[in-house]
Structures are given as structure tokens and as C-alpha cells.
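Computed over heavy atoms, backbone and side chain alike; hydrogens, waters and symmetry mates excluded. Because the structure is predicted, anything quoted here is derived from the model rather than measured. When a residue number appears, it is its place in the shown sequence, counting from 1.
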Amino acid sequence: EDVWGPMIRRYFLENTHRVTVELYPDPAMSERTEAEEAQRLAAIKEGMTEAELEAVMRTQEALQEKQATPDTPEALKCIPTLQLSDIPTENTPVPTE
């Protein structure tokens, strides 16, 4: 039984109600967000010991090295891939009861 089709038709396609929404970008939002983040990070850094700062730096360097290292062919073969032919062209009915 088609449950969604009539609801989509009634509430979306044949609905005569309309609304217009206008969105305006905030040109200062990026600067404001970056300043807030810089303040938050500065407060965190200020509360860290020298040993903690060094540990963060070592972790960052290790991460950068790992990200810069290309994956092995064996690792790349483990990544699942999906072809368009893998997707069924017909909808699968989902029981609602």
C-alpha cells in the first residue's frame, strides 16, 4: 500500500500555501567566530603545562606525518565501493504495520 505517495501529493505537491524566506549572510560572522575560537583556544593553552603543550605538539606532528603518508594498496582495497548498478532501480515497499 502506498502510504507516502498520497501524503506527499496532498501536503507538498498540491498544497496551495506558500511562504517566501529570505536569508541574508552576516559578513562579520566569520571574523566573529574565528575571534571566539582564538579566545577559547588561548584560554585552554594558558591553562596547560609545558609538558602538556609538548605532548600536543608531538601528537600534531604524528598526525601530520600519518596524513601525509599515502595509503598502501592493500588498505585502499579494503574501502568498499558502490557502483550505480548496485542500486536497485525499483522502490522497495516498506511494511507500515
Side-chain angles (χ1 to χ4, degrees):
E1 177 182 349
D2 187 9
V3 174
W4 298 108
M7 291 175 68
I8 291 171
R9 188 176 309 100
R10 178 178 177 199
Y11 291 111
F12 293 106
L13 301 177
E14 296 173 355
N15 189 342
T16 59
H17 294 83
R18 299 288 182 260
V19 66
T20 301
V21 178
E22 294 182 14
L23 302 174
Y24 297 99
D26 181 358
M29 182 179 177
S30 177
E31 294 170 3
R32 193 170 52 248
T33 304
E34 288 177 12
E36 290 170 358
E37 182 179 11
Q39 288 176 347
R40 184 178 59 83
L41 291 174
I44 292 171
K45 184 177 180 181
E46 189 175 307
M48 296 175 78
T49 65
E50 189 66 32
E52 291 172 327
L53 288 173
E54 289 178 18
V56 169
M57 293 298 290
R58 284 192 304 273
T59 303
Q60 177 188 4
E61 290 169 0
L63 175 62
Q64 287 177 340
E65 182 179 329
K66 183 169 178 66
Q67 289 176 332
T69 305
D71 292 327
T72 64
E74 294 81 24
L76 292 174
K77 288 180 183 178
C78 293
I79 299 173
T81 58
L82 183 66
Q83 302 295 324
L84 189 57
S85 60
D86 296 329
I87 303 171
T89 57
E90 298 296 320
N91 291 334
T92 304
V94 177
T96 59
E97 293 180 14

Identify every side-chain donor-acceptor pair in residues 15-24 under 3.5 Å, counting partners at least two apart or on other chains, and give the distances.
| residue | atom | partner | partner atom | Å |
| --- | --- | --- | --- | --- |
| Asn15 | OD1 | His17 | N | 2.8 |
| Asn15 | OD1 | His17 | ND1 | 2.9 |
| Asn15 | ND2 | Tyr11 | O | 3.1 |
| Arg18 | NH1 | Asn15 | O | 2.5 |
| Arg18 | NH2 | Asn15 | O | 3.3 |
| Glu22 | OE1 | Tyr24 | OH | 2.3 |

Can I get a per-line list of side-chain donor-acceptor pairs under 3.5 Å for residues 58-79, giving both atom names and the distance, sequence neighbours left out?
| residue | atom | partner | partner atom | Å |
| --- | --- | --- | --- | --- |
| Thr59 | OG1 | Ala55 | O | 2.8 |
| Thr69 | OG1 | Glu65 | O | 2.7 |
| Thr72 | OG1 | Ala75 | N | 3.1 |

Show the atom names and distances, to 0.1 Å, of all donor-acceptor pairs under 3.5 Å that link a side chain in residues 39-54 to residues at least two apart or in another chain.
| residue | atom | partner | partner atom | Å |
| --- | --- | --- | --- | --- |
| Thr49 | OG1 | Glu52 | N | 3.2 |
| Glu52 | OE1 | Thr49 | N | 2.8 |

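When the shell of 6.0 Å around CG of Asn91 is examined, it contains 12 or fewer heavy atoms from other residues, nucleotides or ligands.
The side-chain contact (heavy atoms from CB on, under 4.5 Å) check on Pro88 picks up nothing, with sequence neighbours excluded. By the side chain to side chain donor-acceptor pair (under 3.5 Å) test, Asp26 is found to be paired with Arg32, residues two or more places apart in sequence or in another chain being considered.
Through chains of ILVMFWY side-chain contacts below 4.5 Å, Leu84 is grouped with Leu82, Ile87.
Under the 4.5 Å side-chain heavy-atom criterion for grouping Ile, Leu, Val, Met, Phe, Trp and Tyr, Trp4 is not connected to Val94 through any hydrophobic cluster.
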